[in-house]
Protein chains: 2
Amino acid sequence: MSDPQSGTGADDAAGLDAAELDTYFALMEAVSLLQHSVEQQLRAEGDLSYVQFQLLARLAAARGQLTMTELADGVVYSRSGLTYQAGLLEKRGLVTRATSPDDERGVTVTITDAGRALLGTVLPGHAEVIDQLLFERLSHKDAKALAALLAPVRDHMRSTPPRSATPRRRRT
Amino acid sequence: MSDPQSGTGADDAAGLDAAELDTYFALMEAVSLLQHSVEQQLRAEGDLSYVQFQLLARLAAARGQLTMTELADGVVYSRSGLTYQAGLLEKRGLVTRATSPDDERGVTVTITDAGRALLGTVLPGHAEVIDQLLFERLSHKDAKALAALLAPVRDHMRSTPPRSATPRRRRT
DNA sequence: TATTGTTATACTCTATAACTATA
DNA sequence: TATAGTTATAGAGTATAACAATA
């Protein structure tokens, strides 16, 4: 009831009670604010979008290289979107693209030293923003509780096919 | 440790431990997936972007009218962005704009019957997506716990000034 | 002078469809 | 035929700066 968006005329929005609406809107608003701050930081300190940051981070986490398809997973929702972003990163010398040795259709993306260096430059400030915005009002215990709640939700979302296939007719 | 992004080379990203990174990435990924699905639903069933949906929902929650500045709060990060979105809504007859009676500089935005009707059309499907993606793997108890964790975080974020003012020099 | 809102403009990003090449 | 990726292109959205009008 504390959120102004929870009283949208229909107090019960077909299956969601007020408490669930509160949860949903709190989640969306918090992440929206966090994402906005984080994107400002990344842009200011590394001239990176959040998507580009994610791509570099994934590559670094994957021992340096991934195929385009692997790289796209969860970050981008269209092939061409990734081609565009990877192109930008390549232009700046942060990654390299080369035909995969095992599958000639595939392209292997590799993070460069410059890419790793930029990631290193950007990470401290990134962590600082997250710390100040997300964790300032969250005890370590609460942070763990939050992760424990979100992990299964995220995993479920990952494995749930997009709703686009089921346009869901519901006209009154 | 379950998230591939948590091992970005530097296991401890200057102030954030691995558990906190997990929490952060889980939060961002879950909301990214949720937002994507939700936007597809809104676009398919009401030809609305999430921002436009928020604007209509806020107006409905506010007894029908708000000033542009009030409406912008938390939804949009620039004045012109709101003017653009409000213009689209007005073109479709979902809202009305008129000079505020008390302050001639201000513009009062009012949701129309068509706007309320569209909101009513879109809400059931919206709730369904949220239910299936967010609450399917969350007990009512856990949903409340999540809200309890997020509410103070959101409130803190709302009241924290954007980091843009402090460009945060950190060059090595 | 400060505030409210609009406009013009430039830019970033995304997505669809058509296309090439390999499996 | 199916899969991997690119390209062309078009459209949506955002942000900055200059502007007008009112407080």
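A, B, ... follow the sequence lines: proteins, then strands. Residue 1 opens every chain. Everything quoted here is computed from the prediction, not taken from an experiment.
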Whole-Å distance separating the [atom1] atom of [X] from the [atom2] atom of [N]:
X	N	atom1	atom2	value
B:H36	C:dT14	NE2	C1'	9 Å
B:R43	C:dT16	CZ	P	12 Å
A:D102	C:dT22	CG	P	15 Å
B:L88	C:dT7	CG	P	12 Å
B:E70	C:dG5	CD	C1'	14 Å
A:Y50	C:dT14	OH	C1'	18 Å
A:F53	C:dC13	CZ	C1'	19 Å
A:Q35	C:dT12	CD	P	18 Å

So what does [X] hit on the nucleic acid, given a heavy-atom distance under 4.0 Å: a base, only sugar-phosphate, or nothing?
X	result
A:S49	sugar-phosphate
A:L71	nothing
A:S100	nothing

(request) Measure the CZ-CG distance between A:R154 and B:L27 for me, rounded to the nearest 0.5 Å. (result) 11.0 Å

(message) With a 4.0 Å cut-off on N to O distance, would you call A:E20 and B:K144 a salt bridge?
(response) no

(message) Taking the basic N atoms (NZ, or NE/NH1/NH2) and the acidic carboxylate oxygens, is any pair closer than 4.0 Å for B:E29 and A:R158?
(response) yes

Would you indicate which nucleotide in [options] comes nearest to any side-chain atom of [X]?
X	options	result
B:T83	C:dC13, C:dT7, C:dA21	C:dT7
B:V107	C:dC13, C:dA15, C:dT6	C:dT6
A:Y84	C:dT6, C:dA15, C:dT14	C:dT14

(request) With DNA chain C as reference, determine whether A:V51 or A:E104 sits nearer its 5' end, using the nearest nucleotide of each. (result) A:V51

(request) Tell me which of A:S80 and A:D103 sits closer to the 5' end of DNA chain C, going by the nucleotide each one is nearest to. (result) A:S80

(request) Would you please indicate if the ring centroids of A:Y24 and B:H126 are separated by under 6.0 Å? (result) yes

(message) With a 6.0 Å cut-off on the ring centroids, do B:H140 and B:F135 count as close?
(response) no

(message) Could you tell me the boundaries of the chain B footprint on DNA chain D, defined by atoms under 4.0 Å from its heavy atoms?
(response) D:dA12 to D:dA23

(message) Count I, L, V, M, F, W, Y as connected when their side-chain heavy atoms are under 4.5 Å apart, and connections chain through other members. Are B:L71 and B:Y50 then in the same cluster?
(response) yes

(request) Scan side-chain atoms only and decide if B:H36 and B:S32 contain a donor-acceptor pair under the 3.5 Å cut-off. (result) no

